[in-house]
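Below: one structure, written as structure tokens.
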Amino acid sequence: MTDHVRIGVLGAAMIAPAAVIRPARSSTVAEVVAVAARSASRAQTFADKHGIARVHGSYEDLLADPAVDAVYNPLPNGLHGKWTLAALEAGKHVLCEKPFTANASEAAEVAAAANASGLVVMEAFHYRYHPLAVRVAEILESGVLGPLRHVEANICFPLPVFSNIRYDYSLAGGAMMDAGCYAVHMARLLGGEEPEVRSARALLRGPSIDRAMRASLRFPSGHTGSVHASLWSSAVLKISMKAIGENGTLNVFNPLGPQTFHRLSLRVKNHRSAETFGRRATYAYQLDAFTDAVLHGKPFPTTADDAVRNMTVIDSIYREAGLPLRQPTP
């Protein structure tokens, strides 16, 4: 591998076409060359539909394939850590869907293996690679807002299909894991520091599964924060983030999907401005960053170490809400 990254997909997941297959078609340096599933027939059907040449009947066989340089891991949350570790053991780079693992302890184990391997392991927070998020970071770093007072992130969307794996505790499900990992990541981006969780309150689908979660944060510099995640609650659809400083306010509407409608607005004292960005998908920018890291060693923000910090906040939210931490799926 010198100028091309050959990607294998673990599982015939619904997110895979948007996340890697379609972006790879327009990439000059990435190609999806293989897919594996627990069922060989399911893998074949998926491969036929998406034009993937190589089909494997097990994840182990895909990891052993010398024609695969990197793995995309969109398996259920509870399996992320196990198969990322297996991919590293097989010498493959990994683009792992969020949340990175079931909990912070498992994330630390994976991060240690990633750092020791010298391979690229990226958590797939695709929004972070779009020019919209890059611009947010620039505004915050410029100090134009003045000292921060409060930040907030809201990722709420309706998913009333309760048989969905996102509601399955045995697969490390829950609103805070699925939608909330984004909200926590965004709050950390806005806040610029690692927060303490002051309180958390869950709405439950079952004894251990949150269908919605609110949490209050405090950052070391004194500013506060809040995160709100929901798969099913009265907050039907709310996808936004906000930073309030002494001099002004930054608002972002729909930070997850800048390829559709989005808006960044900035008010500093008496001046107001708004910005929009192109329609190229967040996933395409993410794939660019992943291949740049693999081929050229370019640094990137959603590292395994960053994932440990994100999972640490998520674990604290579950503790404050009185719910058990998620556990890896055997």
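In what follows, residues are counted from 1 in the order of the sequence shown. Only this structure's heavy atoms are used, side chains among them; waters, hydrogens and symmetry mates stay out.
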Looking only at atom types and distance, does a side-chain atom of [X] sit under 3.5 Å from a main-chain N or O of [Y], one as donor and one as acceptor?
X: Thr329; Y: Ser170; answer: yes
X: Thr302; Y: Glu123; answer: yes
X: Glu246; Y: Gly146; answer: no
X: Arg218; Y: Gly222; answer: yes
X: His262; Y: Phe277; answer: yes
X: Thr84; Y: Gly81; answer: no
X: Glu193; Y: Ser221; answer: yes
X: His56; Y: Ala34; answer: no
X: Arg205; Y: Asp210; answer: no
X: Ser142; Y: Ile139; answer: yes

Can you tell me how far apart [atom1] ([X]) and [atom2] ([Y]) are? Round to the nearest 0.5 Å.
X: Lys238; Y: Asn254; atom1: NZ; atom2: CG; result: 14.0 Å
X: Ser230; Y: Met176; atom1: OG; atom2: CE; result: 10.5 Å
X: Arg272; Y: Leu266; atom1: CZ; atom2: CG; result: 10.0 Å
X: Arg319; Y: Ile314; atom1: CZ; atom2: CD1; result: 12.0 Å
X: Met311; Y: Cys181; atom1: CE; atom2: SG; result: 8.0 Å
X: Leu231; Y: Phe162; atom1: CG; atom2: CZ; result: 9.0 Å

Report yes if the side chains of [X] and [Y] come closer than 4.5 Å at any heavy-atom pair, otherwise no.
X: Arg25; Y: His50; value: yes
X: Leu140; Y: Leu145; value: yes
X: Pro328; Y: Lys82; value: no
X: Lys98; Y: Asp178; value: yes
X: Asp292; Y: Phe300; value: no
X: Ile7; Y: Ile21; value: no
X: Asn115; Y: Asp305; value: yes
X: Pro74; Y: Met14; value: no

Distance-only side-chain donor-acceptor flag, [X] / [Y], under 3.5 Å:
X: His4; Y: Asp69; result: no
X: Tyr72; Y: Glu97; result: yes
X: Thr101; Y: His80; result: no

I would like to know whether His126 and Phe290 meet ring-ring contact (aromatic ring centres under 6.0 Å, His included); could you show each step before the answer? CA-CA 10 Å; His126 56 99; Phe290 183 67; over 10 Å; no
So Leu256 and Tyr182, side chain to side chain contact (heavy atoms under 4.5 Å, CB included) or not? Walk me through it. CA-CA 9 Å; Leu256 287 184; Tyr182 278 113; 3.4 Å; yes
Which heavy-atom pair separates [X] from [Y] by the least distance, and what is that distance?
X: Tyr169; Y: Ser208; result: CD1-CB, 3.7 Å
X: Ala243; Y: Leu190; result: CB-CD2, 4.3 Å
X: Pro158; Y: Leu237; result: CD-CD1, 4.5 Å
X: Ala153; Y: Met186; result: CB-CB, 3.8 Å
X: Leu159; Y: Tyr167; result: O-OH, 2.5 Å
X: Arg263; Y: Ala274; result: NH2-CB, 3.2 Å

Does one hydrophobic cluster hold both [X] and [Y], with members joined at side-chain heavy-atom distances below 4.5 Å?
X: Leu119; Y: Tyr59; value: no
X: Val71; Y: Leu85; value: no
X: Trp83; Y: Ile165; value: no
X: Leu95; Y: Ile52; value: yes
X: Leu250; Y: Val227; value: yes

Taking 4.0 angstrom as the limit, do Asp65 and Arg6 come out as a salt bridge? no
Would you call Arg54 and Asp61 a salt bridge, taking side-chain N to carboxylate O under 4.0 Å as the test? no
Surrounding [atom1] of [X] (heavy atoms of other residues, nucleotides or ligands, distance under 6.0 Å), is the total greater than 12?
X: Arg188; atom1: CZ; value: yes
X: Arg42; atom1: CZ; value: no
X: His296; atom1: NE2; value: yes

Residues two or more places apart in sequence or in another chain: which of them pass salt bridge (Lys or Arg N to Asp or Glu O under 4.0 Å) with Arg135? Glu138, Glu275
Partner set under salt bridge (Lys or Arg N to Asp or Glu O under 4.0 Å) for Asp168, not counting sequence neighbours: none
Test log, rule ring-ring contact (aromatic ring centres under 6.0 Å, His included), inputs Phe253 and Phe261: CA-CA 8 Å; Phe253 174 76; Phe261 181 72; 5.7 Å; yes
May I have the step-by-step check of side chain to side chain contact (heavy atoms under 4.5 Å, CB included) for Asn103 and Tyr318, ending in yes or no? CA-CA 10 Å; Asn103 55 49; Tyr318 275 121; over 6 Å; no
Before giving the answer on side chain to side chain contact (heavy atoms under 4.5 Å, CB included), spell out for Ile244 and Thr249 the whole-Å C-alpha distance, their side-chain angles and the decisive distance to 0.1 Å. CA-CA 4 Å; Ile244 302 169; Thr249 301; 4.1 Å; yes
Under the criterion side chain to side chain contact (heavy atoms under 4.5 Å, CB included), I'd like the reasoning laid out for Ser199 against Arg201: C-alpha separation, chi angles, the key distance, then a yes or no. CA-CA 7 Å; Ser199 65; Arg201 179 172 60 87; over 6 Å; no
May I ask you to decide if the ring planes of Tyr127 and Phe125 are parallel, tilted or perpendicular, using 30° and 60° as cut-offs? perpendicular
Walk me through whether Asp288 and Lys298 qualify under salt bridge (Lys or Arg N to Asp or Glu O under 4.0 Å). CA-CA 11 Å; Asp288 287 349; Lys298 187 174 179 180; over 6 Å; no
Can you see whether Tyr285 has Arg280 sitting over its ring - NZ or CZ less than 6.0 Å from the centre and within 45° of the normal? yes
